[in-house]
Amino acid sequence: MAQILLRNITRASNVTLLANTTAPISLAVASNTRCQVHTTPVCCEIRKLARLRVVDNSDLGKRAMAEGRPPRCIHVYNKRGVGLIGDKVLVAIKGQMKKGILVGLKQKQRLKQPQFDSNNLVLIDDNGSPLGTRIHVPIPTVLRTILKEKTLSKGADYTKVLAIASRYV
């Protein structure tokens, strides 16, 4: 009985005690321990292991979202390590590594940039052309200037992502 009580106390109060301890435990100590649950606030930033939602009609993205296994961010290609709208990310999807462009984020945005309910991603090839032929959600108009600047500086053609979008916010 004492060992079962000891295990329950260690689980509830996050105290690390040895499981093989045979020292008697008084019930007064067990009743005085409070069960505190420490939670951290929800991180809406795009960092490593962040879940993303594929919003284009690529076959790989549709299968992953239908199975309930959304892609996870492996790497953000910028100096800060936190993804912003228009940044390129490396994602793990269906056991493969693919690149994508962030087109909508939950995190707090700059002035006159829309904030979305989910972290949206468009899958692209290595040369910057999208895997799908249509984007299902509206994308921000700020993305036009961001992707045009990156097209000129990086050499990849990101303007094709803008061409398959049908709605802008």
Undergrad: Measure the CZ-CZ distance between R80 and R47 for me, rounded to the nearest 0.5 Å.
TA: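 Those atoms lie 8.5 Å apart.
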Undergrad: Hydrophobic clustering (ILVMFWY, side-chain heavy atoms < 4.5 Å, transitive) - are I135 and F116 grouped together?
TA: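 Different clusters.
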Undergrad: My understanding is that only residues two or more places apart in sequence, or in another chain, count here; which of them pass side-chain hydrogen bond (donor to acceptor under 3.5 Å, both in side chains) with T145?
TA: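 Listed in chain order: nothing, the list is empty.
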Undergrad: For R144, check salt bridge (charged side-chain N to carboxylate O under 4.0 Å, His left out) against everything at least two apart and list the hits.
TA: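 For R144, no residue satisfies salt bridge (charged side-chain N to carboxylate O under 4.0 Å, His left out) once neighbours in sequence are set aside.
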Undergrad: Keeping N57 on the side-chain end and T133 on the backbone end, is there a donor-acceptor pair under 3.5 Å?
TA: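 Side chain of N57 to backbone of T133, a donor-acceptor pair under 3.5 Å: yes, one is there.
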Undergrad: With side chain to side chain contact (heavy atoms under 4.5 Å, CB included) as the test, pick out the partner of V122 among L102, V103, V137, V54.
TA: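 In the set L102, V103, V137, V54, the residue that makes a side chain to side chain contact (heavy atoms under 4.5 Å, CB included) with V122 is V103.
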Undergrad: Run D56 and R134 through side-chain contact (heavy atoms from CB on, under 4.5 Å) and show every step you take.
TA: CA-CA 6 Å; D56 60 357; R134 186 178 308 152; over 6 Å; no
Undergrad: How many angstroms lie between atom NZ of K106 and atom CG of N120, to the nearest 0.5 angstrom?
TA: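 So the gap between those two atoms works out to 10.5 Å.
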Undergrad: State which residues pass salt bridge (charged side-chain N to carboxylate O under 4.0 Å, His left out) with K99; sequence neighbours excluded, sorted by chain then number.
TA: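 Per chain and number, K99 pairs via salt bridge (charged side-chain N to carboxylate O under 4.0 Å, His left out) with D126.
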Undergrad: Any idea which heavy atoms bring G86 and I146 closest together, and the distance?
TA: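 Looking at all heavy atoms of both residues, the closest pair is CA-CG2, 4.1 Å.
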Undergrad: Distance-only check: which donor-acceptor pairs under 3.5 Å involve side-chain atoms of residues 159-169, not counting sequence neighbours?
TA:
| from | atom 1 | to | atom 2 | distance (Å) |
| --- | --- | --- | --- | --- |
| T159 | OG1 | D157 | OD1 | 2.6 |
| R167 | NH2 | H136 | O | 2.4 |
| Y168 | OH | L162 | O | 2.8 |

Undergrad: Decide side-chain contact (heavy atoms from CB on, under 4.5 Å) for V91 and R72; before the verdict, give the C-alpha distance in whole Å, the side-chain angles of both, and the deciding distance to 0.1 Å.
TA: CA-CA 5 Å; V91 295; R72 287 184 174 254; over 6 Å; no
Undergrad: Starting at OG of S118, measure out to CZ of R53 and round the result to the nearest 0.5 Å.
TA: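 Between atom OG of S118 and atom CZ of R53 there are 4.0 Å.
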Undergrad: I need the L105 CG to N119 CG distance, nearest 0.5 Å.
TA: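 Here the interatomic distance stands at 5.5 Å.
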Undergrad: For the pair K150 and D87, evaluate salt bridge (Lys or Arg N to Asp or Glu O under 4.0 Å) and give the outcome as yes or no after the intermediate values.
TA: CA-CA 9 Å; K150 290 187 179 183; D87 282 342; 2.9 Å; yes
Undergrad: Enter the distance from M65:CE to I93:CD1 here, rounded to the nearest 0.5 Å.
TA: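 Reported to 0.5 Å precision, the distance equals 8.5 Å.
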Undergrad: What do the steps show when you test L131 against I124 for side-chain contact (heavy atoms from CB on, under 4.5 Å), and what is the final call?
TA: CA-CA 5 Å; L131 295 179; I124 59 171; 6.0 Å; no
Undergrad: Go through the structure and list residues passing salt bridge (charged side-chain N to carboxylate O under 4.0 Å, His left out) with K94, not counting sequence neighbours.
TA: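 Applying salt bridge (charged side-chain N to carboxylate O under 4.0 Å, His left out) to K94 gives E67.
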Undergrad: Residues two or more places apart in sequence or in another chain: which of them pass ring-ring contact (aromatic ring centres under 6.0 Å, His included) with H75?
TA: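 Partners of H75 under the ring-ring contact (aromatic ring centres under 6.0 Å, His included) test: Y77.
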Undergrad: Using every non-hydrogen atom in the two residues, find where I46 and C73 come nearest and quote the distance to one decimal.
TA: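 Here I46 and C73 meet closest at CG2-SG, 4.3 Å.
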Undergrad: Is there a path of hydrophobic side-chain contacts, each under 4.5 Å between heavy atoms of I/L/V/M/F/W/Y residues, joining V76 to L84?
TA: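 L84 and V76: separate clusters.
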Undergrad: So does G81 get a backbone contact from the side chain of N78, meaning a donor-acceptor N/O pair under 3.5 Å?
TA: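 Present.
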Undergrad: Would Q96 and L60 count as a side-chain contact (heavy atoms from CB on, under 4.5 Å) here? Give the steps.
TA: CA-CA 10 Å; Q96 301 176 22; L60 184 64; 3.8 Å; yes
Undergrad: Return the minimal non-hydrogen interatomic distance between P70 and L52, and the atom names on each side.
TA: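 That closest heavy-atom pairing would be CB-O, 3.3 Å.
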